[in-house]
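As structure tokens, the structure follows; a few thoughts come after it.
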Amino acid sequence: MESGTHTTEVAADLNPPNGQAVALLPPAFVQSSHDASTGGGVVSVYPEGLAFVDQLGAMRGYLSSFGILALPLMIAMVVMGVSAGYWLPLIMVAIMLWLALLFIQVDWVGFRYEPVLLNRALGKVHVFKATGLPWWQWGWKLWGRTRYEIDTYEWSCVRAEVVEFTIFTGQIPRRESGLVFAITDVPGGRDVVQRFGVGPSFGYGDLQAPVERWEHVRRFMRHEGPAWTLNDSLYQDWGVKFWPSFWLFQPLFGDDAAAWRRKGLFAWIGGVAMLFFLPITAYFGVVRYISYRLKREPSWGREILASLGGPALTNEQLRALALGGLKVKPGKASKPRRRR
């Protein structure tokens, strides 16, 4: 990590320790970095709150893409297995068919993301959690509402950890890092009662970015820094409109097509070459779009929203807030209630 980062403690200071943690950052009253940034992980900004998208929400649409591809193959294998009387392999194929349906259900039923909300007015951290469908509906119910709950923790019980883990993109491993909140049983305690990630991960072993995200959160919650700066940007979701989803990875079409065409002959050649992959790129883009349309926005409930001082700010309001031209009123510190 950079010299401006303070990690005076090790992850083993908490019980139980986090096996993925590479650093336990100092308590919230201690500065951890000279720089502060949301790292593009904020999905909503309120007058008195910041909501970070979750890691799985950022991967929405991936599972259903593979589930849809596997579905006709699994159905064909079941039909052939019944015709030939191969019952043992048929059982395995039936399990794989159920998994394919489950993959589709995960991406098409429920909420677009399960955010973590920093509530400065109440000094709380809210975690939105979808509790899923009853077990007997898994793998076949592709519509309907998913139950949820909101877990609330004291900000004074939060400790920040920087974690590092490996993911595979095809056959290539890649190191990722992220910010994790460890919730202790009492303020300043060592015994952890819950852990959860805050915002999407950072790629290529970037260990400084999670620290800067924590520093932004720390300053915001302690009224030592702004909710938003001109250097920050909201989480850039994709697959939310049909045509941009359809033209995914097709540089000759879409919003940036004109700029791409002006790059010259080689840009045109590359763009034409990508058209050969249009059936694949359009498929993945449209499946993510379907996931977005079928899933719902998470709801915090009236009590929590009232404490945040109003609805989420628009892009214009965020810019005005960063420039100091937007004044927000402190939220009313009403006691939140868990909703389902």
Side-chain angles (χ1 to χ4, degrees), residues 1-43 50-59 62 113-118 125 127 129 151 153-222 224-225 231-233 235:
M1 296 185 184
E2 297 179 1
S3 58
T5 301
H6 303 289
T7 56
T8 57
E9 302 175 64
V10 296
D13 287 346
L14 295 180
N15 178 47
N18 188 340
Q20 294 181 318
V22 296
L24 173 65
L25 301 181
F29 57 83
V30 179
Q31 178 177 324
S32 293
S33 173
H34 294 310
D35 299 319
S37 172
T38 61
V42 170
V43 70
L50 293 174
F52 284 86
V53 70
D54 63 304
Q55 181 71 17
L56 290 180
M59 299 174 64
Y62 293 174
Y113 38 81
E114 299 180 19
V116 174
L117 174 63
L118 285 299
V125 179
V127 182
K129 294 171 57 179
D151 294 335
Y153 305 97
E154 297 290 337
W155 164 252
S156 58
C157 293
V158 171
R159 295 299 308 273
E161 298 173 326
V162 176
V163 298
E164 190 175 25
F165 50 92
T166 301
I167 65 171
F168 287 87
T169 53
Q171 300 295 323
I172 303 174
R174 187 178 75 208
R175 299 296 290 173
E176 297 271 323
S177 63
L179 174 65
V180 167
F181 278 7
I183 308 298
T184 58
D185 55 345
V186 295
R190 294 183 62 251
D191 294 331
V192 176
V193 297
Q194 187 60 273
R195 281 186 169 97
F196 48 85
V198 180
S201 62
F202 301 93
Y204 307 104
D206 185 357
L207 296 179
Q208 178 63 19
V211 183
E212 294 180 4
R213 176 176 289 170
W214 163 249
E215 182 62 22
H216 184 98
V217 167
R218 187 196 71 82
R219 294 178 188 179
F220 169 74
M221 292 296 288
R222 291 175 53 82
E224 296 176 3
N231 293 326
D232 288 313
S233 61
Y235 168 69

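Predicted model, so just to flag it, every value in this text is computed and none were measured.
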Applying salt bridge (charged side-chain N to carboxylate O under 4.0 Å, His left out) to R174 and E176, what does each step give before you reach the verdict?
CA-CA 6 Å; R174 187 178 75 208; E176 297 271 323; 2.7 Å; yes
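- Taking 4.5 Å as the limit, some side-chain heavy atom of D232 sits within range of a side-chain heavy atom of S37.
- How far CD of Q20 is from OG1 of T166: 9.0 Å, rounded to the nearest 0.5 Å.
- With a 4.5 Å cut-off on side-chain heavy atoms, N18 and V180 count as touching.
- When all heavy atoms of G197 and V116 are compared, the closest pair comes out as O-CG2, 3.6 Å.
- The two atoms that bring F29 and R218 nearest to each other are C-NH1, 4.1 Å, heavy atoms only.
- Minimum interatomic distance between E161 and L24 (heavy atoms only, all atoms of both residues): CG-CD1, 3.8 Å.
- Put simply, the side chain of V127 does not reach to within 4.5 Å of the side chain of Q194, judged on heavy atoms.
- In terms of modelled atom types and a separation under 3.5 Å, the side chain of R175 and the main chain of Y204 share no donor-acceptor contact.
- Annotation for T38 and F52: closest pair O-CE2, 3.9 Å, computed over non-hydrogen atoms.
- Scanning all heavy atoms of the two residues, the minimum distance from D54 to P115 falls at OD1-N, 4.5 Å.
- Of the candidates R219, E212, E215, S32 forms a side-chain contact (heavy atoms from CB on, under 4.5 Å) with just one, namely E215.
- Using a 4.5 Å heavy-atom cutoff, the side chains of V158 and W214 are in contact.
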Is there a side chain to side chain contact (heavy atoms under 4.5 Å, CB included) between H216 and L50? Walk through the geometry before answering.
CA-CA 10 Å; H216 184 98; L50 293 174; 3.8 Å; yes
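- When side chains are defined from C-beta on, V163 does not count as touching R195, because their heavy atoms never get closer than 4.5 Å.
- For S177 against L207, the heavy-atom pair with the smallest separation is CB-CD2, 3.8 Å.
- Counting only heavy atoms from C-beta outward, the side chains of L118 and W155 approach each other to under 4.5 Å.
- Applying the ring pair (Phe, Tyr, Trp, His ring centres under 6.0 Å) criterion to Y153, with sequence neighbours excluded, gives F196.
- Counting heavy atoms from C-beta outward, V193 and T184 have side chains that stay 4.5 Å or more apart.
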